[in-house]
Number of protein chains: 4
Amino acid sequence: MIVATAVPGKRQLLVEAAAEVFSTHGFTATRVSDIAATAGVGKGTVYEYFASKEELFFAVFEWIDGQIRQQVELTIARPACACDQLRAALAVSAGIVSEHRGLFSMNLDFWAASRGSAFESRFTDACRTLYARYRQLVADVIRRGQAEGDLRGDIDAAGVAALIVSALDGLAVQCWFDDAMDPVAAVDSFATALLGGLCREPR
Amino acid sequence: MIVATAVPGKRQLLVEAAAEVFSTHGFTATRVSDIAATAGVGKGTVYEYFASKEELFFAVFEWIDGQIRQQVELTIARPACACDQLRAALAVSAGIVSEHRGLFSMNLDFWAASRGSAFESRFTDACRTLYARYRQLVADVIRRGQAEGDLRGDIDAAGVAALIVSALDGLAVQCWFDDAMDPVAAVDSFATALLGGLCREPR
Amino acid sequence: MIVATAVPGKRQLLVEAAAEVFSTHGFTATRVSDIAATAGVGKGTVYEYFASKEELFFAVFEWIDGQIRQQVELTIARPACACDQLRAALAVSAGIVSEHRGLFSMNLDFWAASRGSAFESRFTDACRTLYARYRQLVADVIRRGQAEGDLRGDIDAAGVAALIVSALDGLAVQCWFDDAMDPVAAVDSFATALLGGLCREPR
Amino acid sequence: MIVATAVPGKRQLLVEAAAEVFSTHGFTATRVSDIAATAGVGKGTVYEYFASKEELFFAVFEWIDGQIRQQVELTIARPACACDQLRAALAVSAGIVSEHRGLFSMNLDFWAASRGSAFESRFTDACRTLYARYRQLVADVIRRGQAEGDLRGDIDAAGVAALIVSALDGLAVQCWFDDAMDPVAAVDSFATALLGGLCREPR
DNA sequence: TATGAATGAGAATTCATTCAT
DNA sequence: AATGAATGAATTCTCATTCAT
C-alpha cells in the first residue's frame, strides 16, 4: 500500500499534498497556491522547501517511485521459482494500479514532463534509469529461471523483460482512460498465456 | 509509413506543421506562432481553421491515430493464421515505433492532455475508444485462433489482448526515454515467448 | 530643448511614456502597467517592443543620452576661442539641468542600475563610455586652447576635463535635492573662477 | 580613514555589516538575510534594531556621512591660508574616493533612495542638508580668503562652492564606472587650474 | 481569406516582515 | 534578547486569442 508517512516533516507533508493535487488536476492545471492550501500552509512556505513548482513535482515523482519500487522489490525478493515470481510481480503491480488509479495517472504527467519542460532532461534521465532498473529486475528473474531450467533457454530475457514492464505501464494507461478495465484479471490471463504459451503447439 | 498527404489543403498543412512542432517541443512548450511559422502562414490564420490550440492538438491526435490504425488494420487484414497475425501485428507496431520515435513521443502529450486541460474529457473519451478498438481488434484475432484451434482455448482473450496492446504502448514509452532500446528485437522475443510459452512445461 | 519626436513610432511612444513615469516615480516604484497606461496601450504591448522592464529602461537611457549629447556637441561645435567654448558648454549644460530637473533625476536611477540589477554591466559599460566621451570632448577644447595660446599650457587637460564634467553631474544631483539651487548662476560664477583663477595672484 | 568602531554594540555591528553588503550588491539586490548572515546574527535580530530595511539603510547613510564629514572638517580646520585649505580639502576628498571606491558606490544607492522609496523624503531631506553643509563649509573658506585678500573678491563664493562640492561627487561617480580613473591626480590638476586660472590672461 | 499588432488574464516567484518560541 | 519558519502582497512576463485592416 502507498500510505502517508506516520510522522511527516513539513517537506514530506508538502510532497503528499502535492501528490494529491497533482494527481487530481494534472501538473499544468495545478497552482502552487492550491498545493499550499491543501497542505494548510501559506504559498511562500512551499518555496521554503522547494525551489520551484517543477522541483516539487520531481520530489513527488521520486516519492512515488520509491513507494512502488519498494513493493515490487519486496515481492520479487520472496523465494520462489521464476514462474511464480513473475506471476507475483505482475499481480502485485496490477494490484497497485487497481488500488491507486489516481496516483498512477500522475505517470502521464511525469512522462509529459520530459517534453519541453525546464526539467526535461531531469525527468528523462530519471525515467530512463527507472525503466532500466525494472527491466533488469525482471530480466534477472527470467535468467535465473532459465539457469534453473524452469524457463525456456532459447528466449532473449532482456527483450521479454522490456515487454513485461511495458505491458504494466500500458495497462495503467488504459485503466486511466477506462474505469471499467480490471487490471488484475487482465494480468492474470496474460500471465497464464505468457508462461504457458498462447499457441496450442509450442513453437 | 506515415507520410504527408499528397495535396494537402491548408487545414491539413497546419495539422502536419503542428505535428512536427508538437512532437519536437511538446504541447506546452509549443507556441501557436511556432506552428504558424512552420506552416508558413500568419498566426491569425491558424484560428481560421482551428478554434484553439487544443482543438488543433486534437486534430493532430486524430490524424496520427488514423495513420497508425490504418497500418495496423491492413496488417491484420491479411489472411493468415492467428499466430502469424499476432506476430505480424506486433512486428508492424514495433516498426512504427522504431521509425517514428519523434511522432510517438506525442503520445505522452496526448495522454497528458487528458489531465486538467480544457479538452480533458475529449481526449479521455477519444483514448478510451481508441484503446477499446485496438483491444477488440486483437481479441478478435485471438478468439478466431481459439475457434480455429490454433490458440489455447482456456485463456481470456480480452485480458490478453489488453496486455498486448499495453505492451506496445509501454514499449514506445521506454523507447522515448532510451534511444538504445530496439523495439523490433524486443517485440520479436516477446512474440516468441508469448506464443510458445515462457515455461518449459506448459501450465 | 528635449522634446518629443514629431511622429513617434510606437516604440518611441513607449520610450517617452516610460521616461515620464520613470522620472516621476523612479525605476523601482514604476510598474510596467503604469507605463503602458501612460502610453495608452495594453500591458502586453510593452513587451512587443521591449524584452523586459530593464530593457525599456535602458532604451530611455539611450534616448536621453542622445538628446543631451546632441545639444552639448552642437554648442561646442560653434567656432569660438577655447575659453568661450568652455563657458558656453558649462552654460548650456546648466541650462539643461535647470529646465529638466525631472529628467535629470533619472540619472540617479541610471547610476543605481549599475548596482546589482540584471543589467548592471550594460549600464556600467554605457556610463563609462558616456563619461569618457564627455571628458574627451572637454579635454580636446582645453588642448586646443593650450595649443592656440589661450589657455595655460602647464595644466593636465584630461584631469581638468574630468572635473568639469564631474562638476556638472554633481550640480544636477544637488539641484535634485534642493529646488532653491540655481545651476545657471552657480555655473557662471564657477566659469569665471576657473577661467580667471580664484587666487588674486596666479600661481 | 573609515574604520570599524572599536567596541561596536550590536546595532553598530549591523550597520557595518549592512554597509559591506549594500556597498557590494547595491540596495535592491541586498537581502536582509544577507546582512544578518554577514553580521552573524539571525534574520529576526535585524528587526530588533531597525524597523525596516530602509531604516537600516538610512543608518548606514548617516554612519558613512559622519565618517566622511569628520575627515573633511578636520582637514579644513587646520590653520592655513584659504588657498591651501581648498587644495587640502580637495585632496583629502579625492583620497577618500580613491581609497574607498566601494563605499562610495553606495552614494548611487543613497541618491536613488530619494526616488520612489518609502523613505524618499527622508533621504531627500538628509541629502539636501548634507550638501548645504558642505557648500557652506567651502563657501566659508572662500569668503575668508576673500576677506583676507588671498582670493579674488569679485566672485560669488556660494556658486563656486557648490561647483567644487559637485565636482567631488561627480568625480566619485566617474571613478565608480571607470577603474582606470585616478581621482587624486585629476583633483590636483583641477586645483591648480581653479586656483591659478585656466586662462593665460586673467579675466 | 489572411494577417499580425495589440491585448490582458493568469501564475510563478521573491523577500521584507512578523511572531511564537 | 534572539531566532528563523512562515507568510502573502506585489509584480513581472507569457502567450493564446482577438479583430481591424
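Just so it is clear: chains get the letters A, B, ... in the order the sequence lines come, proteins before strands, and each one is counted from 1. Values in this document were obtained by computation on a predicted structure and should not be read as measured data.
Residue A/Phe50 is classed as having no contact, given no heavy-atom separation below 4.0 Å to the nucleic acid. At the heavy-atom level, A/Lys43 lies under 4.0 Å from base atoms of the strands shown. Across all strands, C/Thr30 comes closer than 4.0 Å only to sugar-phosphate atoms, never to a base (heavy-atom distances). A/Ser33 comes within 4.0 angstrom of no nucleic acid atom, judged by non-hydrogen atoms across all strands. Using a 4.0 Å heavy-atom distance criterion, D/Gly44 is classed as a base contact.
Pairing partner, F/dA10: E/dT13, with both Watson-Crick or wobble hydrogen-bond distances short of 3.5 Å. Nucleotide F/dA1 forms a pair with no other nucleotide shown, judged by Watson-Crick or G-U wobble geometry with both contacts under 3.5 Å. Across all strands shown, F/dT17 forms a Watson-Crick or G-U wobble pair with E/dA6, both key distances being under 3.5 Å.
Salt-bridge formation is detected for the pair D/Arg122/D/Glu55: a Lys NZ or Arg NE/NH1/NH2 atom is positioned less than 4.0 Å from an Asp or Glu carboxylate oxygen.
Applying the side chain to side chain contact (heavy atoms under 4.5 Å, CB included) test between C/Glu20 and each of C/Val15, C/Thr38, C/Thr30 identifies C/Thr38 as the sole match.
An OP1 or OP2 oxygen of E/dA16 is reached within less than 4.0 angstrom by no side-chain nitrogen or oxygen of D/Ser52. Put simply, C/Lys10 has a side-chain N or O that comes within less than 4.0 Å of OP1 or OP2 on E/dA6.
Positionally, the nearest nucleotide of DNA chain E for B/Tyr49 lies more toward the 5' end than for the other of B/Tyr49 and A/Glu54. When the nearest nucleotides of DNA chain F are assigned to C/Val32 and B/Ala51 by heavy-atom distance, the more 5′-ward of the two goes with C/Val32. Comparing D/Tyr47 and B/Gly42 by the nucleotide of DNA chain E whose heavy atom lies nearest to each, the residue mapping closer to the 5' end is B/Gly42.
Both tests do not hold together for C/Lys53 against C/Phe119: distance to the six-membered ring centre under 6.0 Å, angle to the ring axis within 45°.
Annotation for D/Asp34 and D/Ala29: closest pair OD2-O, 4.3 Å, computed over non-hydrogen atoms.
The interatomic distance linking B/Glu55 (CD) with F/dA16 (C1') rounds to 14 Å, in whole Å.
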